[in-house]
Number of protein chains: 2
Amino acid sequence: MALRHAVLAALLHGEYSGYQLAKAFDIGVANFWHALPQQLYAELAKLEKDGLITGRQVIQETRPNKRLFQVTDAGFAELETFAAAVSKPSFIRDDLLVKIHAVDRIDTSPLIEQLEERASAAEARAGLLTSLLDTMRGALDEEEYLRTGERIGPYLTCLRGLSFEREHRAWCLRTAAVLRERRQARAER
Amino acid sequence: MALRHAVLAALLHGEYSGYQLAKAFDIGVANFWHALPQQLYAELAKLEKDGLITGRQVIQETRPNKRLFQVTDAGFAELETFAAAVSKPSFIRDDLLVKIHAVDRIDTSPLIEQLEERASAAEARAGLLTSLLDTMRGALDEEEYLRTGERIGPYLTCLRGLSFEREHRAWCLRTAAVLRERRQARAER
DNA sequence: TGTGTCATGTAAGTCGTTACATGATTGA
DNA sequence: TCAATCATGTAACGACTTACATGACACA
């Protein structure tokens with residue numbers, strides 16, 4: 001009962017096909033929700049059945065046909081109810097952190113590599129989010145945009161994502177450096 | 001196949017009962033993994049059946065009896081294999097961020113409240129993590145501890161958690177301020 | 001000629017959540 | 001006396017993951 005609302009929120013700023021939604025879940029929505037395309041297609045079907053979204057067929061000539069979805073009034077009402085209810089605590093799941101927790105008992109060299117790869121990935125994502133923010137903001141500076149802009153929801157969640165990626169990168173680099181130094185120290189003994 | 005490794009990693013620094021594990025998943029492990037007590041009891045049973053941990057009964061007089069678990073050699077080997085394999089991308093899920101994404105179409109006053117509650121919760125958790133780190137570090141300063149300490153895994157993951165909580169708090173307060181200001185501006189028109 | 005993009009799903013199996021169930025002791 | 005802590009689970013249901021399936025066009 002929760003992917004539902006993430007999909008509704010993502011569908012709020014225009015019509016999307018399942019395929020386009022999947023992209024959105026890889027970029028902007030990834031800042032607060034993670035879902036695979038199969039889940040999205042299934043959820044879109046359920047949402048339509050429940051009348052929270054409506055789909056319309058778009059026939060294309062050079063591309064496969066697609067269905068575009070938009071939120072109905074019932075969908076907006078559902079989001080409103082959801083927003084007023086208490087939020088579940090946010091949750092994180094990270095394989096790499098599990099490994100780092102176990103670092104005192106396992107070989108660190110694959111971990112150092114993974115940390116550095118992660119740092120690069122986080123940097124790349126931070127860059128992507130930065131340019132996304134630039135685009136949304138247009139000519140305005142951030143304060144002005146947040147005061148007067150019309151669609152600040154995605155902007156705000158991207159800001160959170162950006163700060164997350166930057167911090168994640170910094171932590172990965174720091175941790176990799178610590179593990180490298182300890183390796184070296186052990187090798188010299 | 002993933003809670004498994006989080007449990008093994010959590011069990012690495014001593015014996016735990018299911019109940020104590022659940023506590024650990026509320027505090028330190030929460031920085032990278034989330035699981036409910038029922039899941040932990042079930043997972044402990046599976047891990048024992050698979051020979052990755054062993055349990056021993058401890059009879060108590062004033063308290064209900066309990067079973068303490070520790071990682072076996074097979075368990076360590078499993079963790080080693082896991083650590084060397086590629087990590088899945090980390091994933092986040094946050095109800096409140098879903099709501100903020102939809103902020104342009106819904107009533108913001110419950111969101112402002114929730115953001116401020118979250119900020120307080122994040123601050124409290126940051127305080128808790130700070131004192132946890134102090135305890136682990138003992139008399140040493142951080143650099144020294146990370147260079148020479150014997151059990152730095154939990155320390156490193158707590159550092160990540162602390163930075164997460166601080167950034168989360170800052171974002172919540174900023175976002176709440178933005179929404180408040182916009183509310184006010186609309187009221188004055 | 002092969003890789004990437006567009007486009008949508010099904011099926012099987014695993015995992016996670018919610019609700020329920022019990023019961024003694026400790027401390028405010 | 002009431003709430004919290006210690007201690008461990010089961011059962012039913014809903015959500016998620018992994019693997020599979022198809023097929024045309026664009027671009028290098």
Under 4.0 Å, counting only non-hydrogen atoms across every strand here, what does B/Arg93 touch: a base, just sugar-phosphate, or nothing?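 Contact class for B/Arg93: sugar-phosphate only.
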B/Gln60 near the nucleic acid: base, sugar-phosphate alone, or nothing, with a heavy-atom cut-off under 4.0 Å? sugar-phosphate
Report the relative orientation of the aromatic rings in A/His13 and B/His101; use parallel for angles under 30°, tilted for 30 to 60°, perpendicular for over 60°. perpendicular
Parallel, tilted or perpendicular: rings of A/Phe91 and B/His34 (30°, 60°):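 Parallel: the ring planes of B/His34 and A/Phe91 meet at under 30°.
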Does a sphere of radius 6.0 Å around CZ in A/Arg151 hold more than 12 heavy atoms from other residues, nucleotides or ligands, not counting ones at 6.0 Å or beyond?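 Counting other residues, nucleotides and ligands, CZ of A/Arg151 stays at 12 neighbours or fewer.
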Just the rounded figure in Å: distance from C1' of C/dC15 to CZ of A/Phe91. 11 Å
Shortest non-hydrogen contact from A/Leu79 toward A/Leu12: CD1-CD1, 3.7 Å
List in chain and number order the residues that pass ring pair (Phe, Tyr, Trp, His ring centres under 6.0 Å) with B/Tyr16, two or more places apart in sequence or in another chain; answer none if no residue qualifies.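 Residues passing ring pair (Phe, Tyr, Trp, His ring centres under 6.0 Å) with B/Tyr16: none at all.
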Need two values: the first and the last nucleotide of DNA chain D, 5' to 3', having an atom under 4.0 Å from any heavy-atom of chain A. D/dA15 to D/dA26
Residue mapping more 5' on DNA chain C - nearest nucleotide basis, A/Lys88 or B/Ala2: B/Ala2
Do A/Ser17 and A/Gln20 pair up side chain to side chain, a donor and an acceptor below 3.5 Å, judged on atom types alone? yes
Check DNA chain C against residues 12-24 of chain B and give the residues with a non-hydrogen atom under 4.0 Å, in numerical order. none
Kindly state which residues belonging to residues 39-54 of chain B come within less than 4.0 angstrom of DNA chain C, counting heavy atoms of the residue only, listed by number. B/Gln39, B/Lys46
First of A/Leu3 and A/Pro64 reached from the 5' end of DNA chain D, by closest nucleotide: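 Closest to the 5' end, via its nearest nucleotide, is A/Leu3.
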Pick the closest DNA chain D nucleotide for B/Arg63 and for A/Trp33 by heavy atoms, then say which residue is nearer the 5' end.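 Here B/Arg63 is the residue nearer the 5' end.
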With no hydrogens and no angle check, is any side-chain donor or acceptor of B/Asp50 less than 3.5 Å from a backbone partner on B/Leu47? no
Among residues at least two apart in sequence or on other chains, which ones pass side-chain hydrogen bond (donor to acceptor under 3.5 Å, both in side chains) with B/Asp107? B/Ser109
Taking the six-membered ring of [Y] as reference, does the cationic atom of [X] (NZ for Lys, CZ for Arg) lie under 6.0 Å from its centre and within 45° of its axis?
| X | Y | value |
| --- | --- | --- |
| A/Arg93 | B/Phe32 | no |
| A/Arg160 | B/Phe164 | yes |
| A/Lys66 | A/Tyr19 | no |

Electrostatic pair A/Glu48:A/Arg67 at N-O distance under 4.0 angstrom: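 Here A/Glu48 pairs with A/Arg67 in a salt bridge, since their nearest N and O are under 4.0 Å apart.
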I need the single residue from A/Lys46, A/His5, A/Arg4 that forms a side-chain contact (heavy atoms from CB on, under 4.5 Å) with A/Leu52. Which is it?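 Only one of A/Lys46, A/His5, A/Arg4 forms a side-chain contact (heavy atoms from CB on, under 4.5 Å) with A/Leu52, namely A/Arg4.
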Which angle, to the nearest 10 degrees, lies between the helix axes at the two ends of the helix from C/dT1-D/dA28 to C/dA28-D/dT1, each defined by five pairs?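 For the helix from C/dT1-D/dA28 to C/dA28-D/dT1, the axes at opposite ends meet at about 60°.
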